[in-house]
Amino acid sequence: MASSLYRRIYSGDSLYSAWRKVKESAFSSSSETIRNEARDFESQLPRSLSDIQRALSKKTFTFQKQTGVAKTKVNGNPRPIVLSPIPNRIVQRALLDALSRIKFVKEALATPTSYGGIKNKRVSMAIADAKAAIAKGAAFHIRSDIAEFFTRIDKAHVMTLVAPHIVCPDTIALFRAAITTDLANIDVLRRQGLDEIFPIGMEGVAQGSPLSPLIANLYLHDFDRAMNDNDGEVTCLRYIDDFLILGKDMGCVDRAFSKAQTELKKLSLEAYGPLATSDKASRGHTAKGFDFLGCFVSAGLVQPSTATRERFKKRIKSDLDASIRMMKFSVEAGDISPKGSYSGALQNLDRVILGWGKAFSFCSSGQWIKSLDDYITSSLAQYEIEKANLFQKTKGTAQRRMLGVRLLAAVHSEPTETE
């Protein structure tokens, strides 16, 4: 008979709650494929959730193969993202909710100096605590992040940490399967020479999984305790794999960073040195300000960092340029992706602006807001010019496709649900 913990995972309330969270994330995704997959799943409710519930209750549920996507980071290096089918993510989310009720997990997630992936905690809280420490006399800092963190997590060690607190073989087996990466496109990634960056062995956890932040916080729980066990000499704030050490003098901050490296070495991890890699780490006076979690932080000011704003501008330009390319292609091919159409591009741009604006709504008001709005307005003006030039070279039907307004003839020719 299944334990109460395992039964909680596949209860109707748990699965529906998990679906709502997965749906919210999927519907706000910039990926049209992910949004469509979520719509398809929703159209089959409640049967789609009942199928998952039945398989879990009979212990026959299997996680579907995932897709590995190598996103290019700012420094040009590929970042391994694993995209899972909707059923996978629902079960992972339900598992996350069940595990979060365990005492050991609760204690780890209650760590006051940890912020990432924890319910009701946000970047703004980490920034506020950093400012509070500065106000209390923290005149020096070291900021760094852990090199290749998710790809170097030892899954066997994760199981060693978690298993003694679960005491349910079915839940342990489901958790082990949930953190295993099985890629459908592994052969393609091998041909591209990218397979080694994905966590397909015993080492590494998939970025993109609902369980990844939980695993990060459990994995670094001892690190958090060790770094803040110093009678208040320094404060160490952590957001997943980024951490900030604040102290009254440079000596105590440097000693704390050496201690951080020692603690991380126990887990076969290492943080970037502040003297070697300026974009990954920094060291110095807090009065001069520093970058942390995408923000520039100083005693009297918090705003999106220069790098963050440049990435945002690059995203705006990239999306609008992509729309122009797709509209050009539609003239030749007679078809167009909805996202690439004029109306689709504007909707997508509005969604990006809304999400980014909300993410940094806690920042101080300032010239940076007007500067970004001016950039967006200028980019849209250029986009309008290029769209108008395309229109002059096309006729009515192609223009409709470019605008993203469907043809009645195309709708009429589509098969109905009864056909």
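Remember, predicted model here, so these are calculated numbers, not experimental data.
Of the charged side-chain nitrogens involved, none lies within less than 4.0 Å of a carboxylate oxygen, so that R143 and D242 do not count as a salt-bridged pair. Salt-bridge check for E270 with R152: failed, with every basic side-chain N at 4.0 Å or more from each acidic carboxylate O. With salt bridges taken as basic N to acidic carboxylate O contacts below 4.0 Å, one links R238 and D224. For D229 and R225, the salt-bridge test fails: no basic side-chain N is under 4.0 Å from an acidic carboxylate O. The existence of a salt bridge linking R190 and D187 is confirmed by a sub-4.0 Å separation between a basic side-chain nitrogen and an acidic carboxylate oxygen. Look at K21 and D97 and you find a salt bridge, because one of the NZ, NE, NH1 or NH2 atoms lies within 4.0 Å of a carboxylate O, short of that distance. The pair K155-E203 does not meet the salt-bridge criterion, since no charged nitrogen lies less than 4.0 angstrom from a carboxylate oxygen.
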(message) Run I142 and M250 through side chain to side chain contact (heavy atoms under 4.5 Å, CB included) and show every step you take.
(response) CA-CA 9 Å; I142 287 181; M250 201 71 248; 4.0 Å; yes
(message) Does Q382 form a side chain to side chain contact (heavy atoms under 4.5 Å, CB included) with E386? I'd like the steps, not just the answer.
(response) CA-CA 6 Å; Q382 181 61 36; E386 294 183 46; 3.3 Å; yes
(message) Apply side chain to side chain contact (heavy atoms under 4.5 Å, CB included) to residues F63 and Q92 and explain how you reach the verdict.
(response) CA-CA 10 Å; F63 288 94; Q92 288 170 338; 4.0 Å; yes
(message) As a quick check of understanding, evaluate side chain to side chain contact (heavy atoms under 4.5 Å, CB included) for V205 and T151, giving each step before the final call.
(response) CA-CA 6 Å; V205 172; T151 59; over 6 Å; no
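In this structure, the side chains of E263 and F223 come closer than 4.5 Å at one or more pairs of heavy atoms. Looking only at side-chain heavy atoms (C-beta outward), L244 and L246 come within less than 4.5 Å of each other. Counting heavy atoms from C-beta outward, L96 and S100 have side chains that approach closer than 4.5 Å. Looking at T113 and F243, their side chains never come closer than 4.5 Å, going by heavy atoms from C-beta outward.
Remark: the backbone N or O of V302 is paired with a side-chain donor or acceptor of S364 at under 3.5 angstrom. Side-chain N or O atoms of N228 include one that pairs as donor or acceptor with a backbone N or O of C236 at under 3.5 Å.
A donor-acceptor pair shorter than 3.5 Å cannot be found between the side chains of Q53 and Y16. Between the side chains of T111 and S114, no donor N or O sits under 3.5 Å from an acceptor N or O.
Here F312 and Y375 keep their ring centres 6.0 angstrom or further from each other.
K387 forms no cation-pi arrangement with Y383, by the criterion of a distance under 6.0 Å to the ring centre and an angle within 45° of the ring axis.
Pairs of residues two or more places apart, or lying in two chains, never qualify as salt bridge (charged side-chain N to carboxylate O under 4.0 Å, His left out) while including a residue from residues 120-130.
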